[in-house]
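Below: the structure, in structure tokens.
Here is the naming used below: chain letters follow the sequence lines, and residue numbers restart at 1 for every chain. Here the structure is a predicted model, which means the values were calculated and not measured. Side chains included, hydrogens not; waters and symmetry mates left out as well; all remaining heavy atoms used.
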There are 2 protein chains.
Amino acid sequence: MKMSGGVEWSVHCLSLLASLPPDRTLSAKRLAEFHGIPAAYLTKHLQALVRDNILESIPGPRGGFRLSRATEQITLLDVVDAIDGKRPAFRCSEIRQRGPSALGSKCYRRPCGIAAAFANADAAWRGSLMNCTLSDLIAEIPEKVDPRQQKKSAAWLKKVLG
Amino acid sequence: MKMSGGVEWSVHCLSLLASLPPDRTLSAKRLAEFHGIPAAYLTKHLQALVRDNILESIPGPRGGFRLSRATEQITLLDVVDAIDGKRPAFRCSEIRQRGPSALGSKCYRRPCGIAAAFANADAAWRGSLMNCTLSDLIAEIPEKVDPRQQKKSAAWLKKVLG
DNA sequence: GGAGTGATACTCGGATATCTGGTGTCCGAGTTTTCGCGG
DNA sequence: CCGCGAAAACTCGGACACCAGATATCCGAGTATCACTCC
């Protein structure tokens, strides 16, 4: 079980986009350059974020992407749902309805106990992700990120925003 | 993000194995027949359970598989780890160490805040699975499974064990 | 009748194909900017 | 000097290859059983 690597890219990009002035944008090319990742593939994921109303895209020169909502209104769960899909990891294939001791389909109105247990775990996971907003992640940058890197990032931003 | 379908098969098989008398076994062929799933592929997953000391395998005629521990000592997390692997779904690729504003590798002793957030969610998920034992699942069978199916299962077991 | 022995049938176990989904890349549609020209 | 217009350059967006891991299968190694033979 592996989550798409695009989730990690997306969260880092959102964090960077949150640090630029209002109404300014960064193109997919710039975002990819900053993180050292392939631009074309990153674009694919950014489009998914646009579809879920997490980012806004501006076409043309001086265009690019910017946050569509306040950082407090963007949770990690939103990003995971947009990139990796909303379907749970465990999917009940109803094998209890197969085999020699199965009954008719009408006898299985109650959910399978095994599927329910995994649904609980999934809910706990989603709950944890839902409680972590982009704002929370940004708030802990000053204490967790090396000040020198913060300086370099700010300088890079100043240069490309020119 | 999708978990291996073998996890579902495994839990169902473990539940069935828990219901047979001590020192009796069921072969992979029988287990597959009961659940209506391909036997050869099921064998692959059962072998993984043997490797993690959840099942014991007996070779030869009248051989098969049986639980290696008490049902209270087998959690859903044990099964997931055995079948799907112990690696977390989110894997930090350390993209913070890449790009134009990165520093030397020695400056990243603290874990990435984003990875930490996902690690928390993963811990919540694992905690939920760890708290659900095979014994718990079996305990709720009488109230959740149609009595007719319980009858048919018992009859099938009696036949193949005969 | 009982014990020994060989063949047998059934089991697990690992090595081998196939296939879906994620990964990565490319080219086209659209829009804003910008440069040049004319008034 | 100012307004207009066309070309250009840069952007996003979706369509097209590639690759890894899961899915599915098969054949070989090993062992308890069973039948047969011999004592």
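Within the 4.0 Å cut-off from OP1 or OP2 of C/dT25, not a single side-chain nitrogen or oxygen of A/Y41 is found.
DNA chain D is contacted by A/S27, A/A28 of residues 10-39 of chain A, taking any non-hydrogen atom closer than 4.0 Å. A heavy atom lying under 4.0 Å from DNA chain D marks the following residues of residues 53-69 of chain A, by number: A/S57, A/I58, A/G60, A/P61, A/G64, A/F65.
Here C/dG14 is the nucleotide among C/dG24, C/dG14, C/dT16 with the atom lying nearest to any side-chain atom of B/Q47.
Inspection of the A/S68 and A/N53 side chains reveals an N or O donor paired with an N or O acceptor under 3.5 Å. For B/T133 and B/Q73, the side-chain atoms include no donor-acceptor pair closer than 3.5 Å.
Residues A/G6 and A/T43 each lie close to DNA chain C; by heavy-atom proximity, the contact nearer the 5' end of the strand is made by A/G6. Two residues, A/L42 and B/M1, neighbour DNA chain C, and the one matched to the more 5' nucleotide by heavy-atom proximity is B/M1. Closest-nucleotide positions on DNA chain D for A/A40 and B/G5 were compared, and the one nearer the 5' end corresponds to A/A40.
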Q: May I have the step-by-step check of side-chain contact (heavy atoms from CB on, under 4.5 Å) for A/F118 and A/C92, ending in yes or no?
A: CA-CA 9 Å; A/F118 279 98; A/C92 181; over 6 Å; no
Q) Does the side-chain contact (heavy atoms from CB on, under 4.5 Å) test come out yes or no for A/R24 and A/L161, once each step is laid out? A) CA-CA 8 Å; A/R24 294 306 302 269; A/L161 290 178; 3.8 Å; yes
Q.
As a quick check of understanding, evaluate side-chain contact (heavy atoms from CB on, under 4.5 Å) for A/M1 and B/M1, giving each step before the final call.
A. CA-CA 6 Å; A/M1 185 177 50; B/M1 184 175 51; 3.6 Å; yes
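Put simply, CG on A/D146 and CD1 on A/I141 are 13.0 Å apart, with the number rounded to the nearest 0.5 Å.
In this entry the distance linking NE2 of A/H45 with P of C/dG22 reads 10 Å, nearest Å. The separation between B/F90 atom CZ and C/dG22 atom P is 17 Å, rounded to whole Å. Look at CZ on A/R87: it is 15 Å from C1' on C/dG22, rounded to the nearest Å. In this structure, A/M3 places its CE atom 11 Å from P of C/dT23, rounding to the nearest Å. Taking atom CD1 on A/I83 and atom P on C/dG22, their separation rounds to 12 Å, with Å as the unit.
Listed for the B/E8 side chain is a donor-acceptor partner under 3.5 Å among the backbone atoms of A/S93. Checked by atom type and distance alone, the side chain of A/N131 never pairs as donor or acceptor with a backbone atom of A/S128 at under 3.5 Å. Judged by distance alone, with hydrogens and angles left aside, the side-chain atoms of B/Q149 form a donor-acceptor pair with the main-chain N or O of A/R96 at under 3.5 Å.
Reading DNA chain D from its 5' end, the first and the last nucleotide to sit under 4.0 Å from a heavy atom of chain B are D/dT23 to D/dT33.
In the displayed structure, A/R69 atom CZ is contacted under 6.0 Å by more than 12 heavy atoms of other residues, nucleotides or ligands.
Transitive grouping of hydrophobic side chains (ILVMFWY, heavy atoms separated by less than 4.5 Å) keeps B/L137 and A/Y108 in distinct clusters.
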